[in-house]
Participant: 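Encoded as structure tokens, here's the structure I'll be asking about.
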Amino acid sequence: MRISKLFGKTQREVPAEAETASHQLLLRAGMISQVAAGVYAYMPLAWRALTKIENIIRDEMDKAGGQELMMPALQPLELWQESGRDVAFGKGLFVLADRRDRKLALGPTHEEVITQMVSRNVQSYRDLPLLLYHIQTKFRDEPRPRGGLLRVREFTMKDLYSFDIDQDGLDQSYNKMLQAYNNIYARCGLPSLVVEADSGAIGGKDSHEFMVIAETGEDEVIRCEKCPYSANAEKAESVKGPVGGGEPLPVEEVATPGMTTIEQVSGFLGIAPNRTLKAIFYIADGEFVFVAIRGDLEVNEIKLKNALHCAELRLATEAEVLDAGIVAGSASSIGITGIRVVADDSVTTGTNFVAGANKPDTHVRNVNYPRDFKADILTDIALARAGDECPRCGSRLSSVRGIEVGHVFKLGTFLSEKLGASFIDASGISRPIVMGCYGIGIGRLLAAAIEQNHDDKGIIWPMSIAPYQVYLCPLYRENSRVSEVTETLYEKLEAEGLEVLMDDREESPGVKFNDADLLGIPLRVTVSPRTLEKDSVEVKLRSNKDAEIVPLEKVTTRLKELIKG
RNA sequence: CGGGGCGUAGCGCAGUUUGGUUAGCGCGCAGCGUUCGGGACGCUGAGGUCGGUGGUUCAAAUCCACUCGCCCCGACCA
């Protein structure tokens with residue numbers, strides 16, 4: 001490709017709306033063009049890189065036994081009502097009406113469609129297992145798109161769905177995908193981290209995310225400094241106790257004038273925060289909920305949401321707390337009736353806690369679970385934090401930010417049951433198909449690759465996903481030897497199957513070199529009168545500082561070596 | 001949805017507070033010439049319904065109202 005013909009220009013100045021590195025560089029390199037908030041057009045350079053990523057994914061999916069197919073973006077809303085996930089996706093679902101006023105959804109994902117299709121085509125255990133995938137545009141009406149391609153409303157996603165006869169089969173399919181995903185990220189030149197994850201609106205049990213570590217990542221990953229444990233902060237666990245307290249003693253009231261926060265109460269009474277119990281109030285799908293947790297811990301709202309099985313969860317307002325008859329600042333679940341109580345299991349890690357007395361300026365000592373109060377739900381709803389102990393090995397946990405570039409779920413049978421996807425097993429009994437799903441956001445992967453591979457000059461593409469492999473850069477094209485050699489070299493390299501971007505513009509060396517660095521093509525070949533004096537060209541890796549002089553007759557061989565790595 | 005910011009040429013901005021000729025600057029773009037191994041220079045030139053609608057006024061980029069769009073933080077979400 002000749003740059004003079006390439007659609008898309010580089011920009012010297014950083015567009016005002018872009019803050020993250022990948023967003024800025026994609027715009028400056030002339031790779032993307034914004035159409036609306038979270039909606040982008042991909043220009044030729046970006047499209048080439050995206051296509052390369054797709055093909056790597058395709059290759060690994062096929063190797064793992066996947067069959068590629070294609071499903072529509074347009075789906076009847078009834079299908080989503082049938083599975084019940086129209087509620088889970090809520091406003092994230094793009095809904096529209098056709099001319100007969102039938103409601104349609106723009107698919108945010110395709111489990112419903114594929115499950116219906118599989119249920120029509122699978123009757124026997126002999127038809128299973130199946131691994132089916134497609135690469136399709138998906139639509140999600142994000143509350144807030146951001147960071148260029150990092151979070152968008154219309155995006156290309158590879159989704160594979162697995163169909164098995166039982167849990168063992170699912171585990172096998174799942175492991176195949178874990179392996180395939182590791183291969184994909186490695187081949188894209190991206191070190192990735194597998195972390196335990198919450199399954200969110202997709203639903204299901206086991207779930208893992210693939211993270212690319214980056215400052216600009218939206219997710220917090222909690223991981224152990226010693227053992228392999230790592231999890232999304234939404235899901236992460238940590239060791240909570242024990243905090244002691246001795247033999248349970250009789251409850252006794254204590255005056256705590258003006259003390260309403262854990263800090264104040266523990267300070268006033270001269271005890272550690274972990275010797276207290278804290279009360280927090282939420283509204284879960286309209287219901288007032290009382291939450292109790294040890295004073296030194298914070299509530300993980302994702303865990304709480306999962307424990308309550310609710311779609312919407314928010315903190316209660318002061319007015320709502322008052323309405324519920326709660327004495328804010330001195331509240332506890334002791335003697336509370338008519339309100340659902342969710343307690344973090346940390347309330348059982350010690351004895352003789354200090355908690356609210358449900359009257360102003362008063363707390364009680366020696367509160368013990370379950371002697372003094374009972375929870376309707378007792379489970380882990382605490383936020384794990386850096387510095388906490390690892391739940392696996394007891395070492396310290398630390399925290400990093402990451403970009404979620406892939407997510408895999410063990411769905412189980414809830415969708416196949418809802419949508420009637422079943423098979424007849426070997427003993428002639430009808431059973432629901434056991435499902436899994438495995439997604440990769442292609443554009444986000446591209447953005448993550450740039451987040452992780454750039455410097456202050458521009459992008460540094462990993463070879464495998466670079467739009468072109470070679471940036472052929474003639475200086476002083478008016479020199480006839482330069483232009484002749486460059487043209488010959490260009491044709492030869494292309495004929496040899498190398499992907500070459502030739503800078504055939506009448507620009508100064510500085511402009512060309514800076515654009516070469518901005519575009520980040522892995523190999524730069526400079527042809528100039530100076531190099532031709534020695535019948536050579538200069539070859540430089542974008543990722544390296546130094547260049548090497550390569551004789552003309554050896555250029556092709558040398559470039560091929562460098563491309564192989 | 002809550003908070004903050006911004007819409008003036010392809011990009012980055014000034015001008016708006018205090019209304020007043022043909023609305024500026026830099027980059028980029030077109031032509032000519034001189035340069036050119038890390039974003040050169042000179043000359044000439046093209047390019048703008050000042051996001052939109054309505055209002056106030058002799059007069060609106062500038063004041064008022066409404067509205068649309070975009071970015072950032074939070075909520076939420078894969």
Side-chain angles (χ1 to χ4, degrees), chain A residues 8-20 23-24 27-28 30 33-40 85 88-93 108-109 111 138-148 150-153 155 157-159 197-204 207-211 216-219 232 234-235 283 301-302 305 311-315 317 402-409 437-441 443-445 456-458 473-479 482 505-518 524 526-532 537-538 540 545 547 549:
Chain A
K9 273 201 172 64
T10 57
Q11 280 178 248
R12 198 173 299 196
E13 280 174 289
V14 180
E17 77 244 25
E19 290 206 347
T20 57
H23 192 192
Q24 291 181 350
L27 285 168
R28 284 188 55 210
S33 175
Q34 184 171 23
V35 175
V39 181
Y40 288 88
R85 294 207 307 166
F89 268 96
K91 286 186 175 164
L93 205 58
T109 174
E111 283 86 14
K138 315 241 172 177
F139 300 86
R140 297 183 190 179
D141 195 0
E142 289 296 325
R144 189 154 85 82
R146 72 188 108 181
L150 284 174
R151 186 171 214 84
V152 290
R153 297 192 296 168
F155 58 102
M157 184 168 165
K158 185 286 303 177
D159 235 345
D198 180 71
S199 55
I202 304 286
S207 173
H208 288 87
E209 287 168 337
F210 290 78
M211 294 284 186
T216 43
E218 296 181 276
D219 290 287
N232 192 310
E234 296 176 349
K235 158 95 178 178
I283 305 291
E301 296 187 0
I302 305 279
K305 203 170 162 181
E312 212 178 301
L313 182 76
R314 61 172 173 83
L315 278 170
T317 63
I403 300 167
E404 178 194 345
V405 290
H407 202 159
V408 297
F409 306 80
C437 72
Y438 316 84
I440 294 182
R444 185 184 280 181
L445 182 53
D456 55 343
K457 290 290 215 173
C473 188
L475 306 181
Y476 314 99
R477 284 177 69 251
E478 64 281 6
N479 177 310
V482 169
R505 299 172 301 173
E506 304 290 336
E507 290 287 355
S508 68
V511 170
K512 290 187 174 186
F513 288 152
N514 277 297
D515 273 348
D517 287 346
L518 174 59
R524 189 182 78 192
T526 307
V527 184
S528 75
R530 188 194 290 179
T531 66
L532 291 178
V537 297
E538 181 194 273
K540 180 183 168 300
K545 242 195 156 140
I549 301 297

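Computed over heavy atoms, backbone and side chain alike; hydrogens, waters and symmetry mates excluded. From a predicted model like this one, the values you see are computed outputs, not experimental measurements. Throughout, protein chains are lettered first and strands after them, A, B, ... in sequence-line order, and every chain is numbered starting at 1.
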Participant: Among residues at least two apart in sequence or on other chains, which ones pass side chain to side chain contact (heavy atoms under 4.5 Å, CB included) with Val14(A)?
Facilitator: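 Residues passing side chain to side chain contact (heavy atoms under 4.5 Å, CB included) with Val14(A): Gln24(A), Arg28(A).
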Participant: Rounded to whole angstrom units, what separation is found between the CZ atom of Arg314(A) and the C1' atom of C76(B)?
Facilitator: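 That distance rounds to 13 Å.
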Participant: Which part of the nucleic acid does Lys457(A) contact within heavy-atom distance under 4.0 Å: base, sugar-phosphate only, or nothing?
Facilitator: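 Touches a base.
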Participant: Looking at every strand, decide which applies to Ala18(A) at a 4.0 Å heavy-atom threshold: base, sugar-phosphate, or nothing.
Facilitator: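 Nothing: the residue Ala18(A), judged by heavy atoms under 4.0 Å, touches no strand.
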Participant: Got a sec, which residues hit salt bridge (Lys or Arg N to Asp or Glu O under 4.0 Å) with Glu234(A), two or more places apart in sequence or on another chain?
Facilitator: none
Participant: Considering only nitrogen or oxygen atoms on both sides, find all protein atoms under 3.5 Å from nucleotides 6-11 of chain B and state each distance.
Facilitator:
| unit_1 | atom_1 | unit_2 | atom_2 | d |
| --- | --- | --- | --- | --- |
| C11(B) | O2' | Gln11(A) | NE2 | 3.2 |
| C11(B) | O2 | Glu13(A) | OE1 | 3.4 |

Participant: Take the protein atom CG of Leu315(A) and the nucleotide atom P of G2(B), then report the distance between them rounded to whole Å.
Facilitator: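 Atom CG in Leu315(A) sits about 18 Å away from atom P in G2(B).
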Participant: In this structure, how many angstroms lie between the P atom of G33(B) and the CD atom of Glu506(A), rounded?
Facilitator: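 Whole-Å distance recorded here is 12 Å.
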Participant: Any protein N or O atoms within reach of nucleotides 41-43 of chain B? Criterion: under 3.5 Å, listing atom names and distances.
Facilitator:
none

Participant: Between C76(B) atom P and Ile283(A) atom CD1, what is the distance in whole Å?
Facilitator: 14 Å
Participant: Mind checking Arg524(A) for me? I need base, sugar-phosphate or nothing, with any heavy atom below 4.0 Å counting as a touch.
Facilitator: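 Here Arg524(A) touches the bases of the nucleic acid.
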Participant: To the nearest 0.5 Å, what is the distance between CG (Leu27(A)) and CD (Gln34(A))?
Facilitator: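 That separation rounds to 8.0 Å.
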Participant: Output all residues satisfying side chain to side chain contact (heavy atoms under 4.5 Å, CB included) with Thr531(A), sequence neighbours left out; order by chain, then residue number.
Facilitator: Ser528(A), Glu538(A)
Participant: Tell me if the side-chain of Arg28(A) makes a donor-acceptor pair with the base of G39(B), cut-off 3.5 Å, by modelled atom types.
Facilitator: yes
Participant: Find the distance Lys540(A):NZ to G38(B):P and express it as a whole number of Å.
Facilitator: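 Going from Lys540(A) (NZ) to G38(B) (P), I get 14 Å.
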Participant: Reckon Gln34(A) touches a base, only the sugar-phosphate, or nothing at all at heavy-atom distances under 4.0 Å?
Facilitator: sugar-phosphate
Participant: Closest approach of Ser207(A) and His407(A), non-hydrogen atoms and distance?
Facilitator: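 Result for this residue pair: OG-NE2, 2.6 Å.
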Participant: Once you apply a heavy-atom cut-off of 4.0 Å, does Ser33(A) come out as touching a base, just sugar-phosphate, or nothing?
Facilitator: nothing
Participant: Give Asp515(A) one of three labels, base, sugar-phosphate or nothing, depending on what nucleic acid heavy atoms sit under 4.0 Å from its own.
Facilitator: base
Participant: Please state whether the base of C36(B) and the side chain of Glu478(A) form at least one donor-acceptor pair under 3.5 Å?
Facilitator: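 It does, because a donor-acceptor pair links the side chain of Glu478(A) to the base of C36(B) below 3.5 Å.
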Participant: What integer number of Å spans the P atoms of G5(B) and U49(B)?
Facilitator: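 Roughly 29 Å separates the two P atoms.
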Participant: Taking the side chain from Lys235(A) and the backbone from Ile302(A), do they hold a donor-acceptor pair closer than 3.5 Å?
Facilitator: no
Participant: Rounded to whole Å, please give me the gap between CG in Asn479(A) and P in C36(B).
Facilitator: 14 Å
Participant: For Pro145(A), which contact category applies under a 4.0 Å heavy-atom criterion: base, sugar-phosphate, or nothing?
Facilitator: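 Sugar-phosphate contact only.
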Participant: List for me each residue that meets side chain to side chain contact (heavy atoms under 4.5 Å, CB included) alongside Ser33(A), sequence neighbours excluded, and say none if there are none.
Facilitator: Ala41(A), Met43(A)
Participant: Looking only at the side chain of Arg144(A) (C-beta and beyond, no hydrogens), which of the listed nucleotides A40(B), C72(B), G38(B) gets closest?
Facilitator: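 Minimum distance to the Arg144(A) side chain belongs to C72(B).
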Participant: Given C76(B), C27(B), C36(B), identify the nucleotide with an atom nearest to the side chain of Glu301(A).
Facilitator: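 Nearest nucleotide to the side chain: C76(B).
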Participant: Which residues pass the salt bridge (Lys or Arg N to Asp or Glu O under 4.0 Å) test with Arg314(A), not counting sequence neighbours?
Facilitator: Glu320(A)
Participant: Heavy atoms only, 4.0 Å cut-off, all strands: where does Leu150(A) land among base, sugar-phosphate and nothing?
Facilitator: nothing
Participant: Got a sec, which residues hit side chain to side chain contact (heavy atoms under 4.5 Å, CB included) with Lys457(A), two or more places apart in sequence or on another chain?
Facilitator: Asp455(A), Asn514(A), Asp517(A), Arg542(A)
Participant: Regarding Gly30(A), tell me which of base, sugar-phosphate or nothing describes its non-hydrogen contacts under 4.0 Å with the strands shown.
Facilitator: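 Nothing, no heavy atom under 4.0 Å.
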Participant: Roughly, in whole Å, what's the span from CZ in Arg146(A) to P in C71(B)?
Facilitator: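 My rounded result for the distance is 11 Å.
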Participant: Go through the structure and list residues passing salt bridge (Lys or Arg N to Asp or Glu O under 4.0 Å) with Glu19(A), not counting sequence neighbours.
Facilitator: none
Participant: May I have the distance from Lys545(A) (atom NZ) to G38(B) (atom P), rounded to whole angstrom?
Facilitator: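 Interatomic distance, NZ of Lys545(A) to P of G38(B): 15 Å.
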Participant: Quote, to the nearest angstrom, the P distance that separates G48(B) from U8(B).
Facilitator: 15 Å
Participant: Checking all strands, does Val527(A) fall into the base, sugar-phosphate, or nothing category for heavy-atom contacts under 4.0 angstrom?
Facilitator: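 Answer is nothing: Val527(A) stays at 4.0 Å or more from every strand.
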Participant: Report which part of the nucleic acid Phe155(A) touches: base, sugar-phosphate, or nothing (heavy-atom distance under 4.0 Å, all strands).
Facilitator: base
